[in-house]
Amino acid sequence: MKAIVLHRVGEPEDLHLEHVADPTPAHGEVIVRLRAAALNHRDLYICRGQYAGLRFPIIPGSDGVGEIASLGDGVENLKVGDQVIINPSINWGDNPRVQGPDFRILGLPDNGTLAQLVKVPAQNVLPRPAGLSDEEVAAIPLAGLTAYRAVVTRGELQAGETVLILGIGGGVATFALMIAQQLGARVLVTSGSEEKIARARSLGAKGGFNYKTTNWVKAVQDATDGQGPDLIIDGTGGQTFDIALDAARPGGRIVTYGSTTGVVPEVAVRRIFWKQLNIHGSTMGSPTDFRAMLSLFGEGKLRPIVDRVFPLVETGTALKHMDHAAQFGKIVLKID
Ligand SMILES: NC(=O)c1ccc[n+]([C@@H]2O[C@H](COP(=O)([O-])OP(=O)(O)OC[C@H]3O[C@@H](n4cnc5c(N)ncnc54)[C@H](OP(=O)(O)O)[C@@H]3O)[C@@H](O)[C@H]2O)c1
């Protein structure tokens, strides 16, 4: 098969399409013939050697849609030709509150979806949602799952509450916007781009603030009667997480799921205890989260936001597009 293979730490332009051996399914596994995959910020970190547990060579990629090409021994209730979406959250474990010690994300250490074929445990494939294109379905898994758990399971967002989503152009952030809207919440966003703020407004956001050009904490306070939002969803981390503590409502919640801008240099914890803040970490999601998230998408329901579609051979260019935060929504790769 052909696949994007990473042989060493490098830059997106070092990623090339290569011929590699087809995977073979072990007991309880299936092979999926992929028609589309999608990128996540994780793929950029892996390419640059900024992700724990690196191994080479590795085929990155966590999101995929396609059809079952072959089955390993002991696989029941699936057949060759079934149209499936892949849940990249592997071996979550028995505890809904936290993943277990054997938890892995597809695309490292296991070979991922930037390939014509991928091997996954049978329990990680589900029927694809109806009424969506291959590209739309491929956009869903990792970002949709992360957003669902952050907003619903961990954030416990309620109808009528106000949620602030930081960096709305991001893949996870756009799913968080859709899911929060669906719940009946009032959504505010930040972005480094006026155009993306306008896009978010067109999708129902009630306010948007440019983190590059405005004092967004003040703008958020003004938009919430001086109180701050009930919930903040942050995948930015770094200094922005520290600033988010100022924006938070006393007694409010913050869910952190990522740190695109790096580590937090210093957090003044006084604001956490004085404002009685609830800070929740969130990573990926359980099988229950995945199924609940998936039920929101499909015919007559939510549609994922696909920013651009690149052929698999142009994965390097697509990753550079992500590196420049040029996207609004998901960057998808079409696989022949
Ligand atoms: N814990 C988990 O399970 C999990 C799962 C998925 C992702 N993540 C992490 O979450 C982060 C986002 O992932 P992604 O795939 O959605 O990334 P992405 O699509 O590349 O989005 C990153 C976004 O970050 C925003 N951003 C950059 N600097 C910012 C700042 N100073 N303030 C506010 N926003 C800023 C930009 O938004 P604008 O373009 O609007 O400015 C950019 O579009 C990554 O760090 C990723 O590793 C974690």
Side-chain angles (χ1 to χ4, degrees), residues 12 38-48 50-52 60-63 88-90 92 98-99 103-108 139-151 153-154 164-177 188-201 203 205 208-214 216-217 220 232-244 247 255-264 280-286 289-290 293 304-308 318-332:
L39 292 180
N40 292 285
H41 217 92
R42 177 176 198 264
D43 304 311
L44 196 56
Y45 292 139
I46 290 170
C47 177
R48 293 195 166 136
Q50 297 165 337
Y51 206 90
S62 306
D63 295 325
S89 199
I90 298 174
W92 176 272
V98 66
Q99 67 273 29
F103 172 75
R104 323 189 287 282
I105 301 172
L106 183 62
L108 183 78
I140 295 176
L142 190 147
L145 176 63
T146 305
Y148 183 89
R149 188 170 174 87
V151 171
T153 311
R154 304 289 283 143
L164 173 68
I165 302 170
L166 303 182
I168 196 59
V172 177
T174 51
F175 276 98
L177 166 61
L188 305 175
V189 304
T190 69
S191 177
S193 151
E194 295 298 334
E195 199 185 326
K196 292 182 190 181
I197 289 171
R199 284 283 302 276
R201 280 183 179 277
L203 291 166
F209 316 107
N210 191 320
Y211 60 76
K212 289 184 178 161
T213 59
T214 60
W216 60 268
V217 172
V220 167
I232 297 177
I233 301 290
D234 178 35
T236 312
Q239 193 72 49
T240 304
F241 179 83
D242 189 57
I243 298 170
V255 173
T256 164
Y257 67 86
S259 55
T260 305
T261 63
V263 296
V264 187
H280 304 282
S282 193
T283 280
M284 299 289 285
S286 67
D289 291 327
F290 193 83
M293 177 278 295
I305 297 168
V306 175
D307 170 72
R308 271 181 73 177
L319 270 176
K320 276 203 278 192
H321 185 62
M322 170 176 277
D323 194 24
H324 298 144
Q327 80 278 23
F328 186 91
K330 294 293 293 182
I331 302 167
V332 172

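Each ligand, and each atom within it, is numbered from 1 in the order the structure gives. All heavy atoms count here, side chains included; hydrogens, waters and symmetry mates do not.
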With heavy atoms of G258 as the reference, note each atom of ligand 1 found under 4.0 Å away. 9 (C), 10 (O)

To the nearest 0.5 Å, tell me how far Y211 OH sits from I197 CD1. 9.5 Å

Salt-bridge present (D307, R199; N to O < 4.0 Å): no

If you scan protein heavy atoms around atom 39 (O) of ligand 1, the nearest is K196 NZ, 2.7 Å

Number the atoms of ligand 1 from 1 as they appear, then name those within less than 4.0 Å of a heavy atom of S259, with their elements. 45 (O)

Distance from I233 atom CD1 to L177 atom CG, nearest 0.5 Å? 11.5 Å

Atom 43 (O) of ligand 1 sits nearest the protein heavy atom G170 N, 3.3 Å

Go through ligand 1 atom by atom and flag the ones less than 4.0 Å from a non-hydrogen atom of V172. 6 (C), 7 (C), 16 (O)

Using a 4.0 Å heavy-atom threshold (strictly under), name the region of T283 that reaches ligand 1: side chain, backbone, both or neither. both

For ligand 1, which is the ligand I care about here, please tell me if Y45 has any N or O atom under 3.5 Å from one of the ligand's N or O atoms. yes

Could you tell me whether some N/O pair between M284 and ligand 1 is separated by less than 3.5 angstrom? yes

From Q99 CD over to T283 OG1, what is the distance, rounded to the nearest 0.5 angstrom? 5.5 Å

Are side-chain N/O atoms of D289 and T153 paired as donor and acceptor at under 3.5 Å? yes

What atoms of ligand 1 come closer than 4.0 angstrom to any heavy atom of I168? 40 (O)

Taking only heavy atoms of S191 into account, list the atoms of ligand 1 that are under 4.0 Å away from them. 38 (P), 40 (O), 41 (O)

To the nearest 0.1 Å, how far is atom 20 (O) of ligand 1 from its closest protein heavy atom, and which atom is that? H41 ND1, 2.5 Å

Using a 3.5 Å distance criterion without hydrogens, assess whether the side chain of T256 forms a donor-acceptor pair with backbone atoms of G237. no

So, taking the atom named CZ in F175 and the one named CG in L142, what distance separates them when rounded to the nearest 0.5 Å? 10.0 Å

Consider every N or O of G171 and every N or O of ligand 1, then say whether any pair is closer than 3.5 Å. yes

For G192 and ligand 1, does the shortest N/O to N/O distance drop below 3.5 Å? yes

For S282, counting its heavy atoms only, list the atoms of ligand 1 lying under 4.0 Å from any of them. 1 (N)

Could you establish whether K212 and ligand 1 come within less than 4.0 Å of each other, counting only heavy atoms on the residue side? no

For T260, take its heavy atoms, then give the atoms of ligand 1 lying under 4.0 Å from any of them. 11 (C), 12 (C), 44 (C), 45 (O)

Is there a polar contact between ligand 1 and G169, counting only N or O atoms under 3.5 Å apart? yes

For Q327, does its backbone N or O pair with a side-chain atom of K196 as donor and acceptor, under 3.5 Å? yes

Among all protein heavy atoms in this structure, tell me which lies nearest to atom 35 (C) of ligand 1, with the distance rounded to 0.1 Å. Y211 OH, 3.3 Å

Does R149 qualify as a cation-pi partner of Y257, given the criterion of NZ or CZ under 6.0 Å from the six-membered ring centre and within 45 degrees of its axis? no

How far is atom 25 (C) of ligand 1 from its nearest protein heavy atom, and which residue and atom name does that atom have? G167 CA, 3.9 Å

Minimal non-hydrogen separation, I46 against L108, with atom names: CD1-CB, 3.9 Å

Any N or O of T190 that comes nearer than 3.5 Å to an N or O of ligand 1? no

Around atom 10 (O) of ligand 1, find the nearest protein heavy atom and jot down its residue, atom name and distance. Y257 CE1, 3.3 Å

Between ligand 1 and G237, can you find any atom pair, the residue atom being a heavy atom, that is separated by under 4.0 Å? no

Is A143 close enough to touch ligand 1? Criterion: a residue heavy atom under 4.0 Å from a ligand atom. no

Considering all heavy atoms of both residues, which atom of I305 and which atom of F328 are nearest to each other, and what is their separation? CG2-O, 3.6 Å

Shortest non-hydrogen separation from G281 to R154 and the atoms involved: O-NE, 2.8 Å

Donor-acceptor pair, distance only, cut-off 3.5 Å: does the side chain of S62 make one with the backbone of L106? yes

Considering N40, T261, V189, L142 one by one, which has a heavy atom nearer to atom 6 (C) of ligand 1 than any of the others? L142

For atom 31 (N) of ligand 1, closest protein heavy-atom neighbour: T240 OG1, 3.4 Å

Nearest-contact summary for atom 42 (C) of ligand 1 - protein heavy atom, Å: A325 CB, 3.9 Å

Quick check: closest heavy atoms across S193 and N210, and the distance to 0.1 Å? N-ND2, 4.1 Å

How long is the straight-line distance from CG of D234 back to CG of L166, given to the nearest 0.5 Å? 4.5 Å

